[in-house]
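Below, all heavy atoms of this structure are taken into account, side chains as well, without hydrogens, waters or symmetry copies.
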Amino acid sequence: SAKYCPIPTNHTSMESNIQLKINIYSLGNRGTVTEASGFNPEEDAQKLYSAMKGTGTNEATIIEILAHRTIAQRLKIKEAFKQSVGKELVDCLKSELTGNFEKVAVGLMMPAPVYDAYELRNAIKGAGTEEACLIDILASRSNAEVKEIVATYKKENGKSLEDDVCGDTSGMFQRVLVSLLTAGRDESTKVDEAQADIYEAGEARWGTDEVKFLTVLCVRNRNHLLRVFQEYPKSSGRDIEDSIKREMSGCLEDAFLAIVKCLKNKPAFFAERLYKSMKGLGTTDSVLIRIMVARAEIDMLDIKAEFLKIYGKTLHSFIKGDTSGDYRKILLELCGGEK
């Protein structure tokens, strides 16, 4: 089971709340980033200060510390840095670093719900919407995690996430996101054989009924849905993913596929997103950064294993071949060993 660094009692209640939020995010023992032993936040804060003061920056020290401490430990470094230097660590990182390397470093300083809320805000604000970000986050987080994101978003932005999502999306895609934002999925493990959707799935009765897809995929529990997915091909002759691809398009198709894939195998979903962010010409850095930062402490070991199983190459080799400089170095540290 996961181990957590308890926040000292003399810290503010805000720090305690952040610790609670970290715990809500199911930090298991499948991450590549684990607690540093012999951890000394004051020492790390001094090393970071020395790495950034004067002319030039010692990026290697920044990578060594940030990529090898848990978020609970980074928050203690942040506090120690402020006490001993009189500045915010994140502000110093922003002024010393640039580009994608800066984005990774800054992301690593945020507790998971804060980072998710930050990413969602960036996806919504400005011209155009990065729908992929909305889908990646909302389709893959648990009820408790979504509730924490919604509360954090409101606190950080003074606005409702649902209102912002509704202001930037439309149609059935918007309805799926709103449903996911209610964080109302049944979390029991019961498979209800009497539920009409199991029979209907087997009889291929859903057709193009988008509301039916929404009701079933966004509300039923995982075990029940895995049974639905099992029954679905019996009459239609194709699995539910193929049906979604045939019947739907655009963001709605992407959202339903993400929900199905996350329910079937979440690490495989993230492995596919990472693969697609790097294959072919150019790299979708926003996706690569978001997943590497968000999953490093949760299930990166499983994501790496799925990546190798599906694509026959290591995630490490893909990142190495697709990125460069300090950005590459910090991502490879978050990725953990070559295997």
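- Linking Ile, Leu, Val, Met, Phe, Trp and Tyr residues whenever their side-chain heavy atoms come within less than 4.5 Å places Val85 and Ile62 in a single cluster.
- Using modelled atom types, one side-chain atom of Arg74 and one backbone atom of Leu66 make a donor-acceptor pair closer than 3.5 Å.
- Side-chain atoms of Phe270 and Ser140, non-hydrogen and from C-beta on, do get closer than 4.5 Å to each other.
- Of all non-hydrogen atoms in Glu119 and Cys133, the two that sit nearest each other are O-SG, 3.5 Å.
- Among all heavy-atom pairs drawn from Phe101 and Glu59, the shortest one is CE2-CG, 3.6 Å.
- Contact record, Cys218 with Ile259: SG-CD1, 3.9 Å, taken as the closest heavy-atom pair.
- To the nearest 0.5 Å, atom CG of residue Asp322 and atom OG of residue Ser277 are 7.5 Å apart.
- Looking at Glu130 and Lys125, no side-chain N of the basic residue comes within less than 4.0 Å of a carboxylate O on the acidic one, giving no salt bridge.
- A donor-acceptor pair under 3.5 Å links the side-chain atoms of Arg328 to the main chain of Lys320, judged by distance alone.
- Put simply, the side chain of Thr323 gets close to the backbone of Ile319: a donor and an acceptor are under 3.5 Å apart.
- Scanning both residues, Ile65 and Lys47, for their nearest heavy atoms gives CD1-CB, 3.7 Å.
- Taking a cutoff of 4.0 Å between a charged side-chain nitrogen and a carboxylate oxygen, Asp302 and Arg30 qualify as a salt bridge.
- Annotation: side chain of Phe39 is in contact with side chain of Lys76 (closest heavy-atom distance under 4.5 Å).
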Would Met292 and Leu274 count as a side chain to side chain contact (heavy atoms under 4.5 Å, CB included) here? Give the steps. CA-CA 9 Å; Met292 294 306 294; Leu274 286 167; 4.1 Å; yes

Begin from the C-alpha positions of Arg175 and Val211 and carry the test side chain to side chain contact (heavy atoms under 4.5 Å, CB included) through to its verdict. CA-CA 9 Å; Arg175 288 166 66 174; Val211 177; 3.6 Å; yes

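- Counting heavy atoms from C-beta on, the side chains of Met300 and Cys335 never come closer than 4.5 Å.
- In this structure the side chain of Asp186 never reaches within 4.5 angstrom of the side chain of Val219, judged on heavy atoms.
- A distance-only check finds a donor-acceptor pair linking the side chain of Arg222 to the backbone of Leu263 [under 3.5 Å].
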Given Lys154 and Leu161, is the side chain to side chain contact (heavy atoms under 4.5 Å, CB included) satisfied, shown in steps? CA-CA 7 Å; Lys154 177 90 180 192; Leu161 177 52; over 6 Å; no

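- Side-chain atoms of Thr283 and Asp285 form no donor-acceptor pair, as typed in the model, at a separation below 3.5 Å.
- A tilted orientation is assigned to the rings of Tyr275 and Phe318, their planes being inclined by 30° to 60°.
- Across all non-hydrogen atoms, the minimal contact from Lys304 to Gly337 is NZ-O, 3.0 Å.
- Cluster annotation: Leu301 and Phe307 are assigned to distinct hydrophobic clusters (Ile/Leu/Val/Met/Phe/Trp/Tyr, side-chain heavy-atom contacts under 4.5 Å, transitive).
- Side-chain atoms of Ser84 and Tyr49 include no donor-acceptor pair closer than 3.5 Å.
- Side-chain contact between Glu43 and Ile77 is absent, with no heavy-atom pair separated by less than 4.5 Å.
- Between Glu156 and Arg121 no salt bridge is recorded (no basic side-chain N to carboxylate O distance below 4.0 Å).
- Between the side chain of Asn143 and the backbone N or O of Arg185, at least one donor-acceptor pair lies under 3.5 Å.
- Asn221 and Glu187 form no side-chain donor-acceptor contact under 3.5 Å, judged by distance and modelled atom types alone.
- Between Glu333 and Lys329 no salt bridge is recorded (no basic side-chain N to carboxylate O distance below 4.0 Å).
- The cationic group of Lys264 lies under 6.0 Å from the six-membered ring centre of Phe229 and within 45° of the ring axis, placing it in a cation-pi geometry.
- Here Glu162 contributes atom CD and Leu180 contributes atom CG; the two are 11.5 Å apart, rounded to the nearest 0.5 Å.
- Here the straight-line distance linking atom CD of Gln230 with atom CG of Leu225 works out to 12.5 Å at 0.5 Å rounding.
- In this structure, Glu79 does not pair ionically with Lys82, as no charged nitrogen and carboxylate oxygen lie closer than 4.0 Å.
- Side-chain N or O atoms of Asn58 include none that pairs as donor or acceptor with a backbone N or O of Ala51 at under 3.5 Å.
- Gln174 places a side-chain N or O within donor-acceptor distance of the main-chain N or O of Cys166, the cut-off being under 3.5 Å.
- Taking the side chain as every heavy atom from C-beta outward, Leu108 and Tyr115 never approach each other to under 4.5 Å.
- For the side-chain contact (heavy atoms from CB on, under 4.5 Å) test with Leu181, the passing option among Leu134, Val165, Ile149 is Val165; the others fail.
- Hydrophobic clustering of Ile, Leu, Val, Met, Phe, Trp and Tyr side chains at less than 4.5 Å, counting indirect connections, keeps Val178 apart from Met172.
- Side-chain contact of Glu96 with Thr57: a donor-acceptor pair under 3.5 Å is present, judged by distance alone.
- Separating the CD1 atom in Ile244 from the CD atom in Glu210 is a distance of 11.0 Å, to the nearest 0.5 Å.
- Looking at Glu272 and Lys261, a side-chain N of the basic residue comes within less than 4.0 Å of a carboxylate O on the acidic one, giving a salt bridge.
- In this structure, Leu315 and Ser317 have side chains that are not in contact, with every pair of non-hydrogen atoms separated by 4.5 Å or more.
- A distance of 4.0 Å separates CG in Asn100 from CD1 in Ile289, rounded to the nearest 0.5 Å.
- Taking every heavy atom of both residues into account, Ile330 and Val104 meet most closely at CG2-CG1, 3.7 Å.
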Would you sort out whether Asp254 and Glu131 count as a side chain to side chain contact (heavy atoms under 4.5 Å, CB included), showing the intermediate values? CA-CA 9 Å; Asp254 292 341; Glu131 288 88 0; over 6 Å; no

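- Rounded to the nearest 0.5 angstrom, Leu93 CG and Lys103 NZ are separated by 15.5 Å.
- Remark: side-chain polar atoms of Ser160 are paired, donor with acceptor, to backbone N or O of Asp163 under 3.5 angstrom.
- Between Glu338 and Thr314 the shortest side-chain heavy-atom distance does not fall below 4.5 Å.
- In this structure, a donor-acceptor pair under 3.5 Å is absent between the side chains of Asp116 and Tyr153.
- Neither Leu308 nor Leu331 shares a network with the other; the hydrophobic side chains, linked directly or stepwise wherever heavy atoms of I, L, V, M, F, W or Y lie under 4.5 Å apart, form separate groups for each.
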